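First the structure, in the form of structure tokens, and then the observations on it.
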Amino acid sequence: MINEITMPSPVGQLLLQSDGTALTGLIWSRAHRAGNPTDPVLRAATRWLADYFARRFRPVDFTVSASGTDHQRRVWAALAEIPVGATVTYGDIAAEVGSAPRAVGTACGANPVAIVIPCHRVVGTGGSLGGYSGAGGLDTKRALLDLEHAPAAARAPLFEVVNRP
């Protein structure tokens, strides 16, 4: 059973999904869902996101499970290592996972747990923003990157992705 809850954020209303043991989805949603406030994963994820948007960057204290292909999961695991406030290029990630930059971009676009798995930290060669599949597109990507450049931003990876087939 999938538990869901929505929460407001500076980049739009977010729908969080949990299987009861891990956060499995974070997407933009217009529909409000009261959800299951007793789900410990959803409670932890909403607290973490509230802190994130308040520029209180801290490690994730809940399990994240991202279902996808082997290639996607390798890309997402690499994204999880990008420190808050830093950016890397699609080519950097491609070299790390033995892929091509375009394939990395496609995996970023399929990221089921946006923001938590920080695909917004991946940019094009020369610093161009590239793309962003979250609601608001590049405006949202820019807003997330601007948020992370707060003076108190931590510079350590936030979590490790749990890869489930």
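Being a predicted model, the structure only gives us computed values, none of them experimental.
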Which atom names give the shortest non-hydrogen contact between [X] and [Y], and what distance separates them?
{"X": "F62", "Y": "A45", "value": "CE2-CA, 3.5 Å"}
{"X": "I115", "Y": "H120", "value": "O-CE1, 3.8 Å"}
{"X": "V41", "Y": "S18", "value": "CB-OG, 3.5 Å"}

So, taking the atom named [atom1] in [X] and the one named [atom2] in [Y], what distance separates them when rounded to the nearest 0.5 Å?
{"X": "S29", "Y": "M7", "atom1": "OG", "atom2": "CE", "value": "13.0 Å"}
{"X": "T38", "Y": "R43", "atom1": "OG1", "atom2": "CZ", "value": "7.0 Å"}
{"X": "L14", "Y": "T46", "atom1": "CG", "atom2": "OG1", "value": "11.0 Å"}
{"X": "L42", "Y": "I5", "atom1": "CG", "atom2": "CD1", "value": "6.0 Å"}

Worksheet item: With sequence neighbours left out, what residues match T140 under side-chain contact (heavy atoms from CB on, under 4.5 Å)?
Response: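 V11, W28, Y132, L144.
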Worksheet item: Hey, any chance L138 and V123 share a hydrophobic cluster, counting ILVMFWY side chains that come within less than 4.5 Å of each other, even indirectly?
Response: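 Shared cluster, yes.
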Taking the side chain as C-beta and beyond, is there a heavy-atom pair between [X] and [Y] under 4.5 Å?
{"X": "L49", "Y": "L16", "result": "yes"}
{"X": "Y52", "Y": "L147", "result": "yes"}
{"X": "L23", "Y": "V116", "result": "yes"}
{"X": "Q17", "Y": "L26", "result": "no"}

Would you give me the side-chain donor-acceptor pairs under 3.5 Å for residues 95-114, sequence neighbours excluded?
| unit_1 | atom_1 | unit_2 | atom_2 | d |
| --- | --- | --- | --- | --- |
| S99 | OG | H71 | NE2 | 2.7 |
| T106 | OG1 | R102 | O | 3.1 |
| N111 | OD1 | V113 | N | 2.9 |
| N111 | ND2 | I117 | O | 2.8 |

Worksheet item: Counting distance only, does the side-chain N/O of K141 pair as donor-acceptor with the main-chain N or O of V122 below 3.5 Å?
Response: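 Yes, the answer is positive, given that a donor and an acceptor are paired below the 3.5 Å cut-off.
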Fill in: Under 3.5 Å: donor-acceptor pair, side chain of R73, backbone of A66
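Looks like no, no N/O pair under 3.5 Å.
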Discussion item. Any donor-acceptor pair under 3.5 Å linking the side-chain atoms of T24 with those of D19?
Written reply: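 The criterion, which ignores hydrogens and geometry beyond distance, is not satisfied for T24 and D19.
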Practice prompt. Indicate yes or no: does R121 engage E148 in a salt bridge with an N to O separation below 4.0 Å.
Written response: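 Answer for the salt bridge query: yes.
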Item to complete: Output all residues satisfying side-chain hydrogen bond (donor to acceptor under 3.5 Å, both in side chains) with R47, sequence neighbours left out; order by chain, then residue number.
Response: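 Checked R47 against side-chain hydrogen bond (donor to acceptor under 3.5 Å, both in side chains); zero matches.
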Worksheet entry | Those residues that, when tested against D61, pass side-chain hydrogen bond (donor to acceptor under 3.5 Å, both in side chains) (two or more places apart) |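 For D61, the residues satisfying side-chain hydrogen bond (donor to acceptor under 3.5 Å, both in side chains) (neighbours in sequence not counted) are R58.
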Item to complete: Among Ile, Leu, Val, Met, Phe, Trp and Tyr joined by side-chain contacts under 4.5 Å, find the other residues sharing a cluster with L15 and list them by chain and number.
Response: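 Reading the cluster by chain and number, L15 sits alongside I27.
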Just distance, no hydrogens or angles: give the donor-acceptor pairs under 3.5 Å from side chains in residues 82-89, sequence neighbours left out.
| unit_1 | atom_1 | unit_2 | atom_2 | d |
| --- | --- | --- | --- | --- |
| T89 | OG1 | G91 | N | 3.3 |
| T89 | OG1 | D92 | N | 2.9 |
| T89 | OG1 | D92 | OD1 | 3.3 |
| T89 | OG1 | D92 | OD2 | 3.2 |

